[in-house]
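It should be emphasised that the depicted structure is a prediction, and the values quoted were computed from it without experimental measurement. Every chain is numbered from 1, with letters handed out A, B, ... down the list of sequences.
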Protein chains: 2
Amino acid sequence: MPAGHRRARAAPELSRRDDLLRAAARLFVDRGFAATTTRDIAQAVGMRSGSPFYHFRSKQELLKAAMIEGLEAGQRRLQAAINGVDDPARRLRLMIRTHFGNLLEGDCHTPMLIHESRSLDAAARAEVAAASDRYQAAWQGTLDELAACGRLRSSGSPVRLLLFGMLNWSGQWYRPDGPLSLDEIAEAAAELLLR
Amino acid sequence: MPAGHRRARAAPELSRRDDLLRAAARLFVDRGFAATTTRDIAQAVGMRSGSPFYHFRSKQELLKAAMIEGLEAGQRRLQAAINGVDDPARRLRLMIRTHFGNLLEGDCHTPMLIHESRSLDAAARAEVAAASDRYQAAWQGTLDELAACGRLRSSGSPVRLLLFGMLNWSGQWYRPDGPLSLDEIAEAAAELLLR
DNA sequence: CCTACCGATCGGTAGG
DNA sequence: CCTACCGATCGGTAGG
């Protein structure tokens with residue numbers, strides 16, 4: 001039994017670390033950072049209470065890594081989705097839909113953790129803020145382009161922030177089995193921005 | 001010294017209860033429910049660690065009361081602001097600006113606590129949800145009226161939810177000493193909705 | 001990665 | 001509303 005499986009899982013340490021990251025992200029999103037126990041996280045991946053600390057120095061480090069790596073994975077999905085798309089309006093629609101995916105599909109939902117960075121110390125919070133800025137910077141170019149050709153309702157400075165509000169707040173009310181699909185919600189959000 | 005002040009503060013028990021509620025709301029908003037200690041709350045109003053439990057049965061009850069009473073106070077401000085205003089577009093602008101006040105001015109910021117209702121048991125969560133629904137119901141009439149006369153960008157069903165997203169998410173980025181005033185942000189949000 | 005454990009903190013209570 | 005306190009839980013560590 002151990003023989004045939006050797007190649008299936010390369011670098012088992014990395015995979016375990018990833019398991020912890022994914023379980024932590026899910027629990028942090030569901031219950032909040034402070035209400036989640038390192039024991040909960042360990043149990044979610046079948047470890048004992050002390051073992052997560054073999055992979056991460058502290059609970060805060062787990063949160064920091066989950067947020068940064070989750071944001072970077074989301075950013076890669078964003079770039080892949082708009083790769084080669086010239087029309088900025090179509091690009092915006094794709095970004096909105098992809099962001100909903102990062103936020104509400106899959107099993108990490110990292111963008112919903114942004115508020116938990118208040119639980120980090122200043123240094124870690126700065127690292128997370130930098131990753132979050134990189135994620136948002138990817139949007140500014142498309143918004144500027146739309147504003148330049150007059151296709152944005154409002155080119156005022158809070159537009160990007162209001163847009164992220166519409167999108168990120170959906171984590172509070174969206175239900176996969178509800179009456180609205182993510183495609184529909186994404187379309188409605190784009191409609192509000194585009195002229 | 002005790003003589004002359006007797007009339008200044010009527011019903012001191014109620015006032016102490018209110019002090020606790022305000023301090024709790026502020027701390028819950030700043031640090032989150034789970035990360036806030038009942039000792040923190042007691043200290044914030046000059047009590048000893050056991051004393052909040054003379055006014056509230058449990059930490060959860062404190063959260064429930066802070067949320068419900070805060071939402072009701074906000075709803076009263078909302079109604080007062082639009083009292084006698086006939087133009088639905090102007091009413092919407094006033095509601096948005098007043099909601100920003102409930103959210104970001106004063107010292108309770110109750111709407112930012114909605115996410116913390118996950119820390120309540122099912123019965124308490126239902127009570128809070130009912131108060132939150134009443135708060136949101138006040139908006140639906142105005143939105144319907146605007147949709148009926150074609151002055152809403154989109155009359156799709158998620159518009160109210162997307163609107164609340166724009167507004168409530170601002171708690172994540174708005175700074176009183178930042179470049180944008182609440183008047184400007186409120187105006188930008190209204191611009192996105194109105195045609 | 002597990003076992004066994006520690007010190008600190010926390011929500012809540014008794015009794016006044 | 002305070003004093004004094006309890007039981008439980010939690011993040012983290014030593015040592016293997």
Side-chain angles (χ1 to χ4, degrees), chain A residues 2 5-6 9-25 27-28 30-67 113 116-121 123-125, chain B residues 2 5-6 9-25 27-28 30-67 113 116-121 123-125:
Chain A
H5 288 243
R6 224 156 294 117
R9 36 176 177 111
E13 323 82 33
L14 277 182
S15 142
R16 293 305 274 159
R17 200 192 101 106
D18 249 46
D19 291 343
L20 280 170
L21 240 29
R22 248 189 293 272
L27 286 165
F28 290 158
D30 286 350
R31 310 179 188 174
F33 175 75
T36 300
T37 288
T38 55
R39 283 164 169 84
D40 293 336
I41 298 168
Q43 195 188 17
V45 300
M47 285 180 186
R48 301 296 186 140
S49 68
S51 303
F53 297 97
Y54 170 77
H55 295 275
F56 296 92
R57 227 185 300 271
S58 68
K59 191 186 172 191
Q60 273 84 2
E61 275 242 348
L62 244 170
L63 174 59
K64 187 183 84 173
M67 292 183 69
L113 287 177
E116 299 289 357
S117 66
R118 65 181 166 187
S119 302
L120 298 172
D121 61 48
R125 194 159 53 238
Chain B
H5 288 242
R6 222 155 293 124
R9 39 180 174 107
E13 322 82 31
L14 277 181
S15 142
R16 292 306 273 158
R17 200 192 101 108
D18 249 47
D19 290 344
L20 281 170
L21 240 29
R22 247 189 294 273
L27 286 165
F28 289 159
D30 285 350
R31 310 180 188 174
F33 175 75
T36 300
T37 289
T38 55
R39 283 165 169 81
D40 294 335
I41 299 168
Q43 195 188 17
V45 300
M47 285 180 186
R48 301 296 185 141
S49 68
S51 303
F53 297 97
Y54 169 77
H55 295 276
F56 297 92
R57 227 186 300 272
S58 68
K59 191 187 172 191
Q60 273 83 3
E61 274 242 347
L62 244 170
L63 174 60
K64 188 183 84 172
M67 292 183 69
L113 288 177
E116 299 289 357
S117 66
R118 65 182 166 186
S119 302
L120 297 172
D121 61 48
R125 194 159 53 240

Could you tell me the separation between the [atom1] atom of [X] and the [atom2] atom of [N], rounded to a whole number of Å?
X: B:Q43; N: D:dC1; atom1: CD; atom2: P; value: 16 Å
X: A:L63; N: D:dG12; atom1: CG; atom2: P; value: 12 Å
X: A:L20; N: D:dG11; atom1: CG; atom2: P; value: 14 Å
X: A:I41; N: D:dG12; atom1: CD1; atom2: P; value: 10 Å
X: A:Y54; N: C:dC1; atom1: OH; atom2: C1'; value: 7 Å
X: A:L120; N: D:dG11; atom1: CG; atom2: P; value: 15 Å
X: B:F33; N: C:dC10; atom1: CZ; atom2: P; value: 13 Å
X: A:M47; N: D:dG11; atom1: CE; atom2: P; value: 16 Å

Closest approach to the side chain of [X], judged atom by atom: which nucleotide of [options] is it?
X: B:H55; options: D:dC1, C:dG12, D:dT3; result: D:dC1
X: A:Q60; options: D:dC1, D:dG12, C:dC1; result: D:dG12
X: B:K59; options: C:dC2, C:dG12, D:dC1; result: C:dG12
X: A:F53; options: D:dG12, C:dC2, D:dC1; result: D:dG12
X: A:S51; options: C:dC1, D:dC1, D:dT3; result: C:dC1

Rounded distance [0.5 Å steps], [atom1] in [X] versus [atom2] in [Y]:
X: B:T38; Y: B:M47; atom1: OG1; atom2: CE; value: 12.0 Å
X: A:L27; Y: A:L20; atom1: CG; atom2: CG; value: 11.0 Å
X: A:L113; Y: A:F28; atom1: CG; atom2: CZ; value: 8.0 Å
X: A:R31; Y: A:D40; atom1: CZ; atom2: CG; value: 4.5 Å
X: B:L21; Y: B:R16; atom1: CG; atom2: CZ; value: 12.5 Å
X: B:I41; Y: B:K59; atom1: CD1; atom2: NZ; value: 7.0 Å

### Query
Short question: side chain of A:R39, backbone of A:S49 - any donor-acceptor pair under 3.5 Å?
no
Each nucleotide N or O in nucleotides 4-9 of chain D that has a protein N or O under 3.5 Å away: list the pair and distance.
none

### Query
Looking only at heavy atoms, what is the nearest atom pair of A:F56 and A:A65, with distance?
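Taking A:F56 first and A:A65 second, the nearest heavy atoms are CE2-CB, 3.9 Å.
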#### Entry: Over 12 non-hydrogen atoms of neighbours within 6.0 angstrom of CZ in A:R48
no
### Summary
Note: for A:R57 and A:A35 on DNA chain D, the residue whose nearest nucleotide lies more 5' is A:A35
### Query
So what stems show up for DNA chain C if we need 3 or more Watson-Crick or G-U pairs in a row, all under 3.5 Å?
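So the stems come out as C:1-16 with D:1-16.
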